[in-house]
Amino acid sequence: MEYISINGKRKLSGSVQINGAKNAAVAIIPAAIAAGGKCVIENLPHVEDVTTLTHAIEHLGGSCRFPDEHTLEIDSGGINQYTVPYDLAKKMRASYYMLGALLGRFKKAEVPLPGGCSLGVRPINYHLRGFEQLGAKIHTEHGIVKAAADKLTGANIYLEFPSVGATINIMIAAVFAEGVTQIENAAKEPHVVDTANFLNKLGANIKGAGTDNIRITGTDGLNGGDYSIIPDQIEAGTYMIAAAITGGDVTVERIIPKHMDSLTAKLEEMQCETEIRDDSIRIKAEKPLHAVNFKAMVYPGFPTDLQPQAAALLSVSSGSGIITETVHEQRFQYVEELRRLGANINVEGRAAFVNGGAELTGAQVNATDLRAGAALVVAGLAAKGETVIGNVMHLDRGYEHLESKLAALGADVKRISHPDEYDA
Ligand code: EPU
């Protein structure tokens, strides 16, 4: 077992470089399966979910090579299988993108229902309904989604909720549909736009990504190509919150500041000073933090993937704030763990009421999912004494070099392997 140990109460200072976006990478790598040629993807985060996807591609008959830590060459020309094994699919939510990619290119796909973070019931009915509207026959048997079509035909697809996964998945398959597909009430998240840009670079014709109406004109096939992934909005936000909670002064570099608007506005409202440049934001948290309310929404609203970290921040601010979650059904599992550190939070339905002013103290805690883990790291940085975080494999799915990046900013943090004293 591995744990992350943090001795808190150190102000973070300096600068940190943000990696490529994990949630863009996990869509773009499967989209490369659809290409059939050689793709070179740059600025990839070196995280567990990326490694899992490369194993899936190799299993299907494609080849993957990392010329360096952040670049991946994918040759999907040799793919001759359409079935993703359960062991790989269960590790990550994004395995569902294999469905759109394989169905699009080969008109056949078999992918086990996805794993990933447990944030309530996370069905993929919008994805499947979209594929059906494109002409695919879908049935689920023994936990495996089987999709097949003689051909795909463009359709008007309305999403009941602007689901990120459904928007991207349908978009990938629709590249191979005859005629025009329109996705209405589409998700507008930056990684939807990034995946569309990648597909367009390979020869797709996708217009309107980043708005709620995406139009895809089908094509016979895609070429290979090179692409560089956008910076990770959520990694950047996690470091911005880490700076704020420690009263630090940190410049978060290699980001797209526009993607951070909803968080930057909140941090300013809480009394942090910000300096926004072309590709960086400096957060200075010299004044005491004031609590505010957060509402986690679809983009450009405040990201749900930053709300657990925001809860940690509110815990130590003066006053009280409410966090409302409108995207995932159950994203407050981290609250019980934050309470172990002394946070005063009560959950009612989709709202968490945070009473600020807590003196956090170190404790042994467990990451229940990826961003829950990030919230515990952020809280641990502000807590007095040692915080030991278990289930770090969740953090490894989304944060590259977490400990060394934090240590470079002045945090006292280390990874402990197989420490008997922490075994439950
Ligand atoms: N939903 C359905 N049916 C569907 C699809 C979604 O009911 O067919 C519901 C979900 O249950 C959820 C809501 O719609 O309540 C939103 O789900 P969405 O499809 O937008 O999310 P996702 O594709 O499952 C991605 C990210 C999540 C992020 C959400 C929202 C990936 C691999 N995951 O999930 O990232 O929270 O979008 O932005 O891209 C994370 O990085 O920690 C993470 C959980």
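Counting convention: from 1, in listed order, for ligands and their atoms alike. Excluded from the calculations below are hydrogen atoms, water molecules and symmetry mates; all remaining heavy atoms, backbone and side chain alike, are included.
- The closest approach between any non-hydrogen atom of Tyr96 and ligand 1 is below 4.0 Å.
- The side-chain heavy atoms of Leu202 and Cys39, taken from C-beta on, include a pair separated by under 4.5 Å.
- Sorted by first and then second residue, the pairs that involve residues 54-91 and meet ring-ring contact (aromatic ring centres under 6.0 Å, His included), not counting sequence neighbours, are His46-Phe66, Tyr82-Phe106.
- Every atom of ligand 1 with a heavy atom of Leu370 under 4.0 Å away is listed here by number and element: 42 (O).
- Proximity of a side-chain donor or acceptor of Glu325 to a complementary backbone N or O of Val327 within less than 3.5 Å is detected.
- By the criterion of a heavy-atom distance under 4.0 Å, the side chain of Asp305, and not its backbone, is placed next to ligand 1.
- The contact set between ligand 1 and Ile124, taken as ligand atoms under 4.0 Å from a residue heavy atom, comprises 4 (C), 8 (O).
- Under 4.0 Å from ligand 1, the heavy atoms of Thr304 that appear belong solely to its side chain.
- Looking at Val327 against ligand 1, both its backbone and its side chain come within 4.0 Å, counting heavy atoms.
- Heavy-atom contacts of Arg93 reach the following atoms of ligand 1: 24 (O) (cutoff under 4.0 Å).
- Within 6.0 Å of NZ on Lys295 lie no more than 12 heavy atoms contributed by other residues, nucleotides or ligands.
- Contact annotation for Phe161 and ligand 1: only side-chain heavy atoms (C-beta onward) come within less than 4.0 Å of the ligand.
- Close contacts of ligand 1 with Asn125, meaning ligand atoms under 4.0 Å from a residue heavy atom, involve 2 (C), 3 (N), 4 (C), 7 (O), 8 (O).
- The N/O atoms of Asn23, backbone and side chain alike, include one that comes under 3.5 Å of an N/O atom in ligand 1.
- Listed by number with element, the atoms of ligand 1 under 4.0 angstrom from any heavy atom of Val164 are 18 (P), 19 (O), 20 (O), 37 (O), 38 (O).
- Between Lys22 and Asp305, no side-chain nitrogen of the basic residue sits less than 4.0 Å from a carboxylate oxygen of the acidic one, so the salt-bridge criterion is not met.
- A salt bridge links Glu403 with Arg415: the distance from a Lys NZ or Arg NE/NH1/NH2 to an Asp or Glu carboxylate oxygen falls below 4.0 Å.
- Close contacts between ligand 1 and Gly165 involve ligand atoms 19 (O), 23 (O) [criterion: under 4.0 Å to a heavy atom].
- Residue-ligand proximity: Pro123 is placed with a non-hydrogen atom under 4.0 Å from ligand 1.
- Note that the NZ atom of Lys38 and the CD atom of Glu73 stand 4.5 Å from one another [nearest 0.5 Å].
- Under the 4.0 Å criterion applied to side-chain N and carboxylate O atoms, Arg339 and Glu336 are not assigned as salt-bridge partners.
- Of the heavy atoms in Arg331, only side-chain atoms (C-beta onward) come closer than 4.0 Å to ligand 1.
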Do Glu337 and Asn366 pass the side chain to side chain donor-acceptor pair (under 3.5 Å) test, and can you show the C-alpha distance, the side-chain angles, and the key distance before you say yes or no? CA-CA 7 Å; Glu337 298 303 299; Asn366 259 317; 5.2 Å; no
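- Side-chain atoms of Thr167 and Tyr126, non-hydrogen and from C-beta on, never get closer than 4.5 Å to each other.
- Within the 4.0 Å heavy-atom shell around ligand 1 one finds Lys22.
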